[in-house]
Amino acid sequence: MGQLIAVVGNSGVGKTTLTGHLAARFGSQIGLEQLEERPFQRPFAAGEARYALANQVDYLLFRAEQEEVIRRAPGIGIQDGGLDLDFQLFTRYFFQKGYLSAAEFDLCGRFYAFSRRHLPLPDLFVVMSAPLAVIEARHVARGRQVEIAHREDLAAMEALFQGWITALDPQRVIRVDAGDDHFASPANLAELQAVINGRLA
């Protein structure tokens, strides 16, 4: 069974960048968000809250399917975000914002719990953290056409994210200081790769 690494953090912190670099170093399968390809993302991002439930169920299922493919292959697979982040951060935040009703949030929670009973947790979570001002600046600079999290959402999302991360088994967590743009420098990537290899050995 393949090993799975989930690169997690707030929206805009640099997950996609780090995931790409790590996948290249490990020669890994990669699981990305595929924002443009998801069928309900664009109308939800455009403000049609009635697509919130469909969007979250689609993402949770999509991420579970990604995990299943990665686990069936040998070696290491790396996800940009993943099933846990999509539920623990995004689904919870959309419920907090009122986009999901209590019954809809419960449905997402049941699906997440069912998936985790049948799919093991990622072997490692690479947790990216940066000051909120840095995250906000990167979020603005990336200029995505489809965006469901906005600059004004990031502080509340960071609180949810940190609350979830503190509950994880520390043995599954590797923390990355993404506070400056050198987090993906060759030296830092080599150091992170060595830490990952040591944890997965």
Side-chain angles (χ1 to χ4, degrees), residues 5-19 31-36 38 40-60 62-64 66 79-102 104-109 111-113 115-116 121-122 125-168 172-181 183-184:
I5 298 170
V7 178
V8 298
N10 202 345
S11 183
V13 73
K15 298 185 298 296
T16 303
T17 297
L18 185 59
T19 299
L32 298 175
E33 291 177 278
Q34 296 187 8
L35 296 173
E36 297 287 342
R38 305 320 310 154
F40 306 106
Q41 182 87 339
R42 190 175 291 276
F44 180 37
E48 297 186 57
R50 64 193 177 96
Y51 288 102
L53 177 61
N55 191 63
Q56 291 314 106
V57 170
D58 175 68
Y59 257 104
L60 295 172
F62 170 61
R63 292 309 206 158
Q66 274 187 341
Q79 276 187 310
D80 168 11
L83 175 63
D84 301 280
L85 187 71
D86 279 353
F87 179 73
Q88 298 290 354
L89 177 56
F90 289 98
T91 305
R92 287 187 183 279
Y93 187 61
F94 297 148
F95 173 56
Q96 192 178 96
K97 289 276 286 187
Y99 299 147
L100 297 170
S101 69
E104 289 170 335
F105 178 70
D106 181 65
L107 177 62
C108 292
F111 180 83
Y112 170 69
S115 298
R116 274 288 163 253
L121 274 172
F125 292 93
V126 174
V127 176
M128 301 183 69
S129 296
L132 184 60
V134 172
I135 296 173
E136 289 176 344
R138 287 181 186 158
H139 189 276
V140 171
R142 69 184 183 180
R144 287 181 175 174
Q145 291 185 343
V146 179
E147 194 71 82
I148 57 173
H150 303 284
R151 182 174 181 175
E152 59 269 22
D153 298 318
L154 297 176
M157 290 174 66
E158 184 68 14
L160 281 174
F161 176 70
Q162 293 299 333
W164 165 53
I165 288 301
T166 57
L168 286 176
R172 292 184 186 268
V173 172
I174 297 174
R175 292 188 175 271
V176 170
D177 180 357
D180 64 50
D181 292 336
F183 72 85

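None of these values were measured; they are calculated from a predicted model.
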> Among Phe105, Phe111, Phe94, Phe95, which residue meets the ring-ring contact (aromatic ring centres under 6.0 Å, His included) test with Phe87?
Replying inline: Phe105
With heavy-atom distances below 4.5 Å as the criterion, would you say the side chains of [X] and [Y] are in contact?
X	Y	answer
Val127	Phe161	yes
Arg175	Ile165	yes
Glu136	Val140	no
Leu85	Phe90	yes
Trp164	Val8	yes
Val7	Asp80	no
Asn55	Tyr59	yes
Leu18	Phe183	yes

Side chain [X], main chain [Y], donor-acceptor under 3.5 Å:
X	Y	value
Glu158	Pro131	no
Asp86	Leu83	no
His139	Asn10	no
Arg63	Asp84	no

Reported [atom1]-to-[atom2] distance for the pair [X] and [Y], which is rounded to 0.5 angstrom:
X	Y	atom1	atom2	answer
Glu33	Thr19	CD	OG1	9.0 Å
Ile135	Arg151	CD1	CZ	12.0 Å
Arg138	Lys15	CZ	NZ	11.0 Å
Phe125	Gln79	CZ	CD	9.5 Å
Gln56	Leu100	CD	CG	6.5 Å

Work out which heavy atom in [X] is nearest to a heavy atom in [Y]; give both atom names and the distance.
X	Y	answer
Ser129	Gln162	OG-NE2, 3.7 Å
Val13	Ala130	CG2-CB, 4.0 Å
Cys108	Leu53	SG-CD1, 3.9 Å
Ala156	Tyr93	CB-CE1, 3.6 Å
Ala45	Ile148	CB-CG2, 3.6 Å
Ala6	Gly81	CB-O, 3.5 Å

> Distance only, no hydrogens: is a donor on one side chain within 3.5 Å (strictly under) of an acceptor on the other, for Arg142 and Ser11?
Replying inline: yes
>> Regarding Gln88 and Arg92, do their side chains bring together a donor and an acceptor under 3.5 Å, going by distance alone?
In response: yes
> Hey, mind stepping through Tyr51 and Tyr99 against ring pair (Phe, Tyr, Trp, His ring centres under 6.0 Å) and telling me if it holds?
Replying inline: CA-CA 9 Å; Tyr51 288 102; Tyr99 299 147; over 10 Å; no
